[in-house]
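Data block below; observations after.
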Amino acid sequence: MRAKTILYMIVVSTIFFSLQCKQEFASKAHIEKISMGIDDNRLINADQNPENWLSYGRNYAEDRYSSLNQITKENVNELGLIWSLNLGTRRGIEATPIVVDGIMYLTGPWSKVFAVNTRTGKLIWTYDPGVPGAYGEKACCDVVNRGVAIYKGHIFLGTLDGRLISLDAATGNPSWEILTVDTTKAYTITGAPRIVDGKVMIGNGGAEYDARGYITAYDAMSGEQVWRFYTVPGDPSKPFESKALEMAAKTWTGEWWKYGGGGTVWDAMAYDPDLKLLYIGTGNGTPWDRLHRSPGGGDNLFLSSILAINPDNGELVWYYQTTPGDTWDFTATQHLILADLEIEDRLRKVIMQAPKNGFFYVLDRTDGELLSAEAYTYLNWATEVDKQTGRPVETEFARYKDENVFISPGPIGGHNWQPMAFNPETKLVYLPAHFSSMPYGHDSNWKFNKGKGYGSGSGWNISVAFDPAKPFRFDQSAPSSMPKGRLIAWDPVKQQEVWGVDLISYWNGGVLTTATGLVFHGTADGRFVAYDAHKGKILWESAIGSGIIAPPITYAVDGKQYVSIAVGWGGFHGLSNKYTKEIRPGTVFTFAIDGQAAFHDFDKTGERRLLSLDYSTTQEENERGQTLYRQYCNLCHGEVGGGGGVISDLAYSNNEIFQIYDSIVLKGLFQENGMPNFGDRLDKQDIKAIQGYILQTVKSVKEKQSQ
Ligand code: CA
């Protein structure tokens with residue numbers, strides 16, 4: 001090459017380099033450049049870039065552990081607010097934000113996406129996929145979303161109405177959009193997509209309704225489907241989609257496929273790039289009660305299972321079923337963490353999960369061998385997991401066949417979707433656990449409800465009901481003073497609790513842990529807390545004043561460490577319950593050492609007034625109203641006069657609203673907010689009965705208050 005040409009190339013590249021340097025932070029060119037750089041190599045080596053938070057669980061092991069070390073046990077008490085961003089949303093926020101070189105991407109209710117400049121806390125762009133409000137009815141557990149994925153200049157979003165969308169990371173403009181579900185059924189997407197080797201992995205939910213679970217891989221650039229793996233067999237008179245399903249079908253009886261069967265992949269995934277295995281967790285059966293779903297018994301593979309899948313072709317490599325023949329809504333969709341642990345003098349590649357059923361599982365992730373499983377919370381459906389067979393030993397009353405039985409855990413689980421974290425320094429898993437129970441009974445009147453929304457008796461295909469004709473079994477051995485929530489530091493090798501902190505309620509947030517021995521955790525009662533990871537002592541606490549369900553993240557910009565958390569009370573338990581006086585609109589809070597920003601005020605709900613109307617109704621009408629209320633309203637609005645989370649307690653409707661219930665309930669006046677249009681299921685007489693029941697209940701609430 002001639003010297004002149006070389007000189008020319010040096011000049012050109014120097015100019016190009018200086019132009020690159022002058023790109024303004026958070027400009028289109030800057031974001032294009034940084035987001036284009038997120039490729040497989042960056043995702044595989046996420047641990048080498050602690051300043052970023054590149055994917056849902058921070059890395060493919062999904063351990064939610066950060067090696068950033070500026071915020072320590074010694075200075076964490078100097079943590080203060082740097083900025084907060086009001087997203088103007090009103091429903092639950094379960095999202096883990098991702099951060100790439102100071103640009104944050106997170107999702108809010110109704111699958112909306114927000115791109116934020118973390119230097120200023122200002123929005124760069126927002127994207128609203130326009131999910132129809134009517135879709136809210138198909139979502140069992142609020143209109144939430146847990147986050148996006150980033151890859152080669154694009155942001156990937158799963159929407160509540162079942163679409164997978166690729167957005168330009170710099171502008172938020174859609175590149176492609178694929179419908180991933182049959183919209184005649186109640187499929188929803190709330191989980192974060194994951195990127196593996198150029199493919200976007202996405203599952204969906206809907207096992208409370210009529211879903212047949214599956215996960216699909218799409219080519220990240222073109223959106224073309226690469227493979228789909230169904231988690232439960234379909235109609236056995238038709239060809240099975242895979243060898244694995246042919247085998248699985250032998251573990252089912254009856255006509256399960258007519259109901260969907262369940263087993264949805266609505267949240268957990270992890271990936272081992274060395275073993276080239278994608279791990280997913282599958283959900284409960286549809287309907288819940290196995291007597292209805294698979295009346296001749298059977299394990300019903302692959303419900304409530306951890307599956308290892310070849311990410312190239314979607315073929316099953318191994319499976320481990322946590323709850324064979326699930327009949328309690330014991331999903332195994334809970335957070336999966338990969339780690340290398342020394343167990344009995346051998347370094348084992350493990351996968352860990354604390355599914356709803358109450359046992360903490362440690363498996364060999366190369367082949368699915370059960371290494372250990374012990375109860376992390378109170379449970380009574382099984383006595384142990386047999387180490388030889390790998391199966392739980394069920395108690396004789398667990399399947400509630402001839403009696404109503406109080407089972408622990410209940411459907412909220414010993415642990416739900418709120419992610420845990422694993423710290424390789426302390427070798428502990430930090431687990432937001434529940435102590436829960438529910439009465440289960442076989443509902444002999446259950447009939448399949450095809451794809452129609454809310455209401456325990458009419459909508460959800462849970463098929464579990466208290467039967468007054470049968471005896472009721474209380475659990476005499478249940479501890480009387482267990483807290484509803486508990487943050488547990490769990491030793492996965494010894495399979496025992498090292499420390500735990502009681503919390504006043506269910507439904508606290510996900511967890512983050514750091515190399516400096518800290519654990520960050522938000523609570524349902526509105527506190528953002530930093531604990532000593534070794535001892536559980538509270539080292540710092542900030543009063544957010546609104547319940548927290550999402551997990552925090554940490555990252556660095558310009559060499560400074562930040563901690564951010566998205567706050568938006570809601571989700572399944574938050575619909576009809578709350579543990580703070582007020583609920584803030586969706587807000588991102590960002591903290592750093594010496595932060596001095598003030599907490600913004602927000603519109604308070606104001607003083608609540610009980611309804612002051614009076615209708616004269618008959619006893620018979622009230623009883624009918626109560627039945628209808630429990631079927632159609634209770635799930636979201638909660639008990640009249642005692643409910644109300646992010647969705648209001650109808651005892652406190654204002655009088656004007658109360659008088660237009662016909663338009664709201666029968667004509668869909670508030671459908672865009674997610675209030676279903678029940679016009680096809682209820683009529684004016686029904687509304688009158690429900691109103692009568694509400695007023696009657698308000699009357700007794702007032703009487704109690706005046707006593
Ligand atoms: Ca479920």
Side-chain angles (χ1 to χ4, degrees), residues 92 94 136-144 146 160 181 185-191 203-215 231-232 256 259-268 280-290 292-294 300 302-307 321-336 353-358 379 381 400 407-418 434 436-440 443 446 448-449 451-456 459-465 506-507 549 570-576 635-636:
E94 297 185 349
E137 189 178 350
K138 293 191 181 185
C140 66
C141 308
D142 200 358
V143 295
V144 292
R146 283 181 289 279
L160 194 73
V181 300
K185 298 186 188 297
Y187 282 107
T188 51
I189 299 178
T190 57
N204 46 56
E208 267 59 61
Y209 301 81
D210 57 359
R212 179 189 179 200
Y214 58 87
I215 173 174
T231 62
V232 296
W256 72 90
Y259 315 132
T264 48
V265 185
W266 58 263
D267 194 50
I280 61 170
T282 67
N284 57 277
T286 307
W288 285 6
D289 187 341
R290 188 179 64 173
H292 288 304
R293 187 180 67 238
S294 183
N300 294 182
F302 300 97
L303 295 181
S304 308
S305 300
I306 299 169
L307 308 180
Q321 191 173 40
T322 60
T323 309
D326 168 49
T327 198
W328 309 273
D329 185 26
F330 283 168
T331 65
T333 49
Q334 280 57 49
H335 184 187
L336 295 162
Q353 190 188 48
K356 277 191 188 178
N357 77 15
L379 57 88
W381 69 280
Y400 57 90
I407 297 288
S408 286
I412 200 169
H415 169 220
N416 209 292
W417 64 268
Q418 287 88 340
H434 296 144
S436 68
S437 63
M438 191 187 90
Y440 288 73
D443 181 1
W446 174 76
F448 180 56
N449 188 326
K452 265 288 178 201
Y454 286 128
S456 53
W460 284 23
N461 278 306
I462 60 176
S463 73
V464 172
Y506 306 116
W507 220 240
I549 52 177
F572 170 67
H573 184 70
L575 290 174
S576 58
L635 187 77
C636 292

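All ligand and atom numbering here is 1-based and tracks the order in the structure.
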Q. Of the options Trp446, Tyr209, Trp288, which is the one that meets Tyr259 in a ring pair (Phe, Tyr, Trp, His ring centres under 6.0 Å)?
A.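 Looking at Trp446, Tyr209, Trp288, the match for Tyr259 under the ring pair (Phe, Tyr, Trp, His ring centres under 6.0 Å) is Trp446.
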
Q: Check each of Trp266, Phe302, Tyr187 against Tyr214 using the ring pair (Phe, Tyr, Trp, His ring centres under 6.0 Å) test, and report the only one that passes.
A: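 In the set Trp266, Phe302, Tyr187, the residue that makes a ring pair (Phe, Tyr, Trp, His ring centres under 6.0 Å) with Tyr214 is Tyr187.
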
(Q) Quick one: does any side-chain atom of Tyr400 pair with a main-chain N or O of Thr327 as donor and acceptor, under 3.5 Å? (A)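 Here the side-chain-to-backbone pair exists.
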
Q. So, Gln321 side chain and Ser304 main chain: donor-acceptor pair closer than 3.5 Å or not?
A.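 Here the side-chain-to-backbone pair does not exist.
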
Q. Side chain to side chain donor-acceptor pair (under 3.5 Å) between Glu208 and Asn284: does it pass, once the steps are laid out?
A. CA-CA 8 Å; Glu208 267 59 61; Asn284 57 277; 3.3 Å; yes

Q: Answer yes if the side chains of Thr286 and Arg293 hold a donor-acceptor pair under 3.5 Å, and no otherwise.
A: no

**Q.** Nearby protein N/O/S atoms (those under 3.0 Å) for the Ca ion (ligand 1), with water ignored
**A.**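 Protein N/O/S atoms under 3.0 Å of the Ca ion (ligand 1): Glu208 OE1, Glu208 OE2, Asn284 OD1, Asp329 OD1.
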
